[in-house]
Amino acid sequence: KNQVEQSPQSLIILEGKNCTLQCNYTVSPFSNLRWYKQDTGRGPVSLTIMTFSENTKSNGRYTATLDADTKQSSLHITASQLSDSASYICVVRVDNYGQNFVFGPGTRLSVLP
Amino acid sequence: EAQVTQNPRYLITVTGKKLTVTCSQNMNHEYMSWYRQDPGLGLRQIYYSMNVEVTDKGDVPEGYKVSRKEKRNFPLILESPSPNQTSLYFCASSFPGTRNTGELFFGEGSRLTVL
């Protein structure tokens with residue numbers, strides 16, 4: 001069964017600190033993996049996409065990694081800001097043809113002043 | 001501005017009173033989809049559409065209907081809402097196929113409460 005798991009379920013950090021969110025997936029065939037950021041009461045917005053051949057990709061203070069062998073991805077946030085408080089959702093696209101996605105449950109991040 | 005627009009954003013209704021949540025996108029996307037989001041369960045797909053007049057069930061279609069008469073619009077219909085349909089609903093759209101990465105563009109959400 002295709003499945004995406006995320007950890008931790010929730011996380012509280014102080015402003016300025018770094019953190020890492022984890023995503024483990026069992027999805028076949030694998031097309032790509034996206035991290036979405038969802039602010040409270042808003043729709044998810046794509047942060048970054050990882051394809052099979054990519055190991056690391058940065059988008060400002062966000063750095064995503066992908067290990068296709070172990071089927072794990074991480075999202076590292078550097079020098080956190082209050083505006084980083086949100087849910088982060090890992091989404092794996094199953095194939096290149098249709099629009100079959102498997103959603104993780106999300107990690108709720110709270111950044112405190 | 002490229003966007004997915006949902007209406008209403010908030011709605012309180014009573015059991016059995018038919019309602020429609022509209023969704024419109026201005027990006028000429030073929031693919032559109034509806035999700036519900038509940039605490040601890042994440043996003044679950046209700047229905048999706050690969051193009052005009054082509055719709056299919058997602059993971060949790062019971063109690064919902066959809067139609068896709070135009071490319072830009074994909075309304076979600078609750079014929080007889082029940083309290084277990086109280087949830088936060090999202091519409092999303094995308095370009096499908098091998099030429100695209102499948103990024104989903106989400107609306108702002110519609111919070112529905114059924115009493």
Side-chain angles (χ1 to χ4, degrees), chain A residues 1-10 21-25 27 29-54 57 59 64 66 86-109, chain B residues 2-7 9-10 21 23 25 27 29-51 54-60 68 74 87-112:
Chain A
K1 177 184 176 183
N2 288 331
Q3 197 167 350
V4 175
E5 299 176 339
Q6 293 186 243
S7 62
Q9 185 175 14
S10 62
L21 314 181
Q22 298 288 346
C23 173
N24 297 337
Y25 61 93
V27 174
F30 174 88
S31 176
N32 61 49
L33 181 151
R34 278 187 188 273
W35 285 93
Y36 286 82
K37 179 186 179 187
Q38 184 180 18
D39 293 318
T40 300
R42 308 292 295 272
V45 176
S46 177
L47 281 176
T48 186
I49 179 175
M50 304 296 290
T51 59
F52 190 85
S53 60
E54 295 175 310
K57 182 181 289 184
N59 177 8
L66 177 68
S87 288
Y88 293 84
I89 304 171
C90 177
V91 182
V92 178
R93 187 182 184 189
V94 178
D95 59 58
N96 287 331
Y97 305 102
Q99 291 291 81
N100 191 357
F101 302 97
V102 185
F103 290 82
T107 291
R108 176 69 200 175
L109 174 65
Chain B
Q3 59 185 4
V4 178
T5 303
Q6 296 180 224
N7 279 296
R9 294 287 314 280
Y10 303 92
V21 186
C23 174
Q25 51 92 6
M27 294 169 279
H29 286 163
E30 288 92 348
Y31 176 88
M32 297 186 74
S33 183
W34 276 102
Y35 302 87
R36 60 177 290 172
Q37 187 175 40
D38 302 290
L41 295 178
L43 286 159
R44 294 181 291 168
Q45 190 178 50
I46 303 171
Y47 269 95
Y48 66 95
S49 170
M50 294 298 288
N51 214 324
V54 180
T55 63
D56 210 343
K57 297 177 180 179
D59 298 320
V60 288
R68 187 91 181 272
F74 190 45
S87 186
L88 179 58
Y89 291 87
F90 287 100
C91 178
S93 70
S94 177
F95 282 117
T98 60
R99 295 179 292 112
N100 301 287
T101 62
E103 179 179 359
L104 289 167
F105 294 84
F106 287 86
E108 291 293 279
S110 297
R111 184 167 294 280
L112 171 65

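By convention in this document, chain letters (A, B, ...) are assigned in the order of the sequence lines, proteins followed by strands, and residues within each chain are numbered from 1. All values derive from a computational prediction rather than experimental measurement.
At most 12 heavy atoms of other shown residues, nucleotides or ligands fall within 6.0 angstrom of atom CZ in A:R42. Atom CZ of B:R111 has 12 or fewer neighbouring heavy atoms from other residues, nucleotides or ligands inside a 6.0 Å radius.
Of the two parts of B:Y48, neither the backbone nor the side chain holds a non-hydrogen atom closer than 4.5 Å to a non-hydrogen atom of chain A. Looking at A:Q6, neither its backbone nor its side chain comes within 4.5 Å of chain B, counting heavy atoms on both sides. Heavy atoms closer than 4.5 Å to chain B are found in the side chain of A:R34, but not in its backbone. Within the 4.5 angstrom heavy-atom criterion, only side-chain atoms of B:R9, from C-beta onward, approach chain A. Contacts between B:Q37 and chain A at a heavy-atom distance below 4.5 Å involve the side chain alone, from C-beta outward.
To the nearest 0.5 Å, the span separating OH on A:Y36 from CZ on B:F106 amounts to 5.5 Å. Taken to the nearest 0.5 Å, the CG atom of B:L43 stands 12.0 Å off from the CZ atom of A:F101. Atom CD of B:Q45 sits about 7.5 Å away from atom CG of A:N100, to the nearest 0.5 Å.
With chain B as partner, the option from A:G104, A:S46, A:G106 having the largest number of non-hydrogen pairs under 4.5 angstrom is A:S46. For the set A:P105, A:G41, A:P44, the entry with the most heavy-atom pairs within less than 4.5 Å of chain B is A:P44. Ranking B:S94, B:G42, B:G58 against chain A, the residue ahead of the rest is B:S94, based on heavy-atom pairs under 4.5 Å.
Residues A:Q38 and B:F90 approach most closely at NE2-CZ, 3.2 Å, considering heavy atoms.
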